[in-house]
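Bear in mind that the values here come from a model prediction, so they are computed numbers and not experimental data. Excluded from the calculations below are hydrogen atoms, water molecules and symmetry mates; all remaining heavy atoms, backbone and side chain alike, are included.
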Amino acid sequence: MVPVPEPYTGDVEVGQTVKFSVPAFPGQMFHGKITRFAHSVDMKTRTMPVEMDVDNASGLLAPGMFPEVEWPVRRSTPTLFVPDKAIVTTTELTFVIRVRQETAEWVKVRKGQSVGNLIEVFGDLSAGDFVVARGTDELRPGTKVTIAPPSRT
């Protein structure tokens, strides 16, 4: 049984193969096939239980082991990832700072998946937009900004 976060429940399909590992066997991958899911989100955890059948002929897996799952998320359109430090969260807004025509703009975003130090964002951004790598709400919209060339170190 795997609790799937609510934003990813739309990607759940019976028959899908899912890879996972367990701390007891670092570096070893196991596979399961989605067989059932709850069709109901737990109100406390905002997750939906998904059940997988796993061939455990080796007997390595034991009840109560905590799997780390590589959940197969699909998007209908390409998404963008930004450095985690580029995202600013205030009490009112989550945003990144885009630089357009040497001027700072706050762009409201919604966070998605994280991969290492990158976070998927959804909002009015396009590939090729310049985003401030270390965002702060002290860099106000309309502020003039100079884009530095990338370092070669």
Side-chain angles (χ1 to χ4, degrees), residues 1-34 36-52 65-153:
M1 189 74 81
V2 176
V4 177
E6 183 179 9
Y8 308 121
T9 58
D11 296 323
V12 175
E13 291 181 18
V14 170
Q16 218 172 358
T17 299
V18 177
K19 293 193 294 187
F20 67 95
S21 62
V22 292
F25 303 104
Q28 187 168 352
M29 294 303 293
F30 298 90
H31 296 77
K33 188 171 275 197
I34 297 174
R36 292 167 284 289
F37 54 97
H39 294 284
S40 177
V41 174
D42 181 298
M43 297 302 288
K44 291 180 186 170
T45 63
R46 305 306 305 166
T47 61
M48 181 177 69
V50 174
E51 199 170 319
M52 297 185 303
M65 286 184 161
F66 189 77
E68 184 171 314
V69 179
E70 290 184 13
W71 196 253
V73 175
R74 290 186 292 266
R75 299 284 188 232
S76 57
T77 59
T79 58
L80 299 174
F81 286 81
V82 298
D84 55 0
K85 295 189 184 323
I87 300 172
V88 181
T89 303
T90 67
T91 55
E92 294 113 20
L93 186 65
T94 298
F95 64 94
V96 297
I97 302 169
R98 173 175 50 206
V99 178
R100 186 178 279 169
Q101 298 176 345
E102 298 183 344
T103 304
E105 301 176 332
W106 287 10
V107 179
K108 182 179 175 180
V109 295
R110 183 174 50 83
K111 294 192 257 184
Q113 280 187 225
S114 61
V115 178
N117 68 341
L118 298 175
I119 297 182
E120 180 181 33
V121 291
F122 301 95
D124 184 25
L125 291 171
S126 301
D129 282 349
F130 288 98
V131 173
V132 173
R134 184 180 290 269
T136 173
D137 61 351
E138 293 176 7
L139 181 55
R140 308 300 293 176
T143 303
K144 291 296 181 189
V145 178
T146 302
I147 297 173
S151 64
R152 298 186 186 253
T153 56

Q: Taking salt bridge (charged side-chain N to carboxylate O under 4.0 Å, His left out) as the test, write out the residues that go with K19, two or more places apart.
A: E70
Q. What pair of heavy atoms forms the shortest contact from A86 to V131, and how long is it?
A. CB-CG1, 4.0 Å
Which atom pairs, one a donor and one an acceptor, fall under 3.5 Å between side chains of residues 90-102 and the rest of the protein, sequence neighbours left out?
residue: T90; atom: OG1; partner: E92; partner atom: N; Å: 3.2
residue: T90; atom: OG1; partner: L93; partner atom: N; Å: 3.0
residue: T90; atom: OG1; partner: L93; partner atom: O; Å: 3.2
residue: R98; atom: NE; partner: E105; partner atom: OE1; Å: 2.8
residue: R98; atom: NH1; partner: D124; partner atom: O; Å: 2.7
residue: R98; atom: NH1; partner: D129; partner atom: OD2; Å: 3.2
residue: R98; atom: NH2; partner: E105; partner atom: OE1; Å: 3.1

Q) To the nearest 0.5 Å, what is the distance between CZ (F30) and CE (M52)? A) 12.0 Å
Q | Considering all heavy atoms, the nearest F122-G112 contact | A | CE1-CA, 3.9 Å
Q: For P3, check side-chain contact (heavy atoms from CB on, under 4.5 Å) against everything at least two apart and list the hits.
A: T47
Q.
Distance check, rounded to the nearest 0.5 Å: D84 atom CG versus R134 atom CZ?
A. 9.0 Å
**Q.** Inter-residue atom distance Y8.OH - M48.CE, 0.5 Å rounding
**A.** 13.5 Å
**Q.** T143: side-chain hydrogen bond (donor to acceptor under 3.5 Å, both in side chains) partners, not counting sequence neighbours
**A.** none
Q | Reported NZ-to-CD1 distance for the pair K111 and I119, which is rounded to 0.5 angstrom | A | 5.0 Å
Q. Who passes side-chain contact (heavy atoms from CB on, under 4.5 Å) against V14, sequence neighbours left out?
A. F37
Q) Do E51 and I34 come within less than 4.5 Å of each other through their side chains, counting heavy atoms only? A) no
Q: Check whether more than 12 heavy atoms from other residues, nucleotides or ligands sit under 6.0 Å from atom CZ of F130, and answer yes or no.
A: no
Q) Is there side-chain contact between M65 and F25, with heavy atoms separated by less than 4.5 Å? A) yes
Q: Could you tell me which residues satisfy side-chain contact (heavy atoms from CB on, under 4.5 Å) with S21, sequence neighbours excluded, listed by chain and number?
A: M29, E68
Q: Would you give the length of the straight line joining atom CD of E6 to atom OG1 of T45, rounded to the nearest 0.5 angstrom?
A: 9.5 Å
Q) Closest heavy-atom contact between F81 and E120? A) CD2-N, 3.3 Å
Q: Could you tell me which non-hydrogen atom of H31 sits nearest to which non-hydrogen atom of T17, and how far apart they are?
A: CD2-CG2, 4.1 Å
(Q) Working to the nearest 0.5 angstrom, can you tell me the gap between D137 CG and T89 OG1? (A) 10.0 Å
Q. Taking all atoms of both residues into account, what is the closest heavy-atom pair of P23 and P26, and its distance?
A. O-CD, 3.4 Å
Q) Which heavy atom of S40 sits nearest a heavy atom of P49, and at what distance? A) O-CD, 3.8 Å
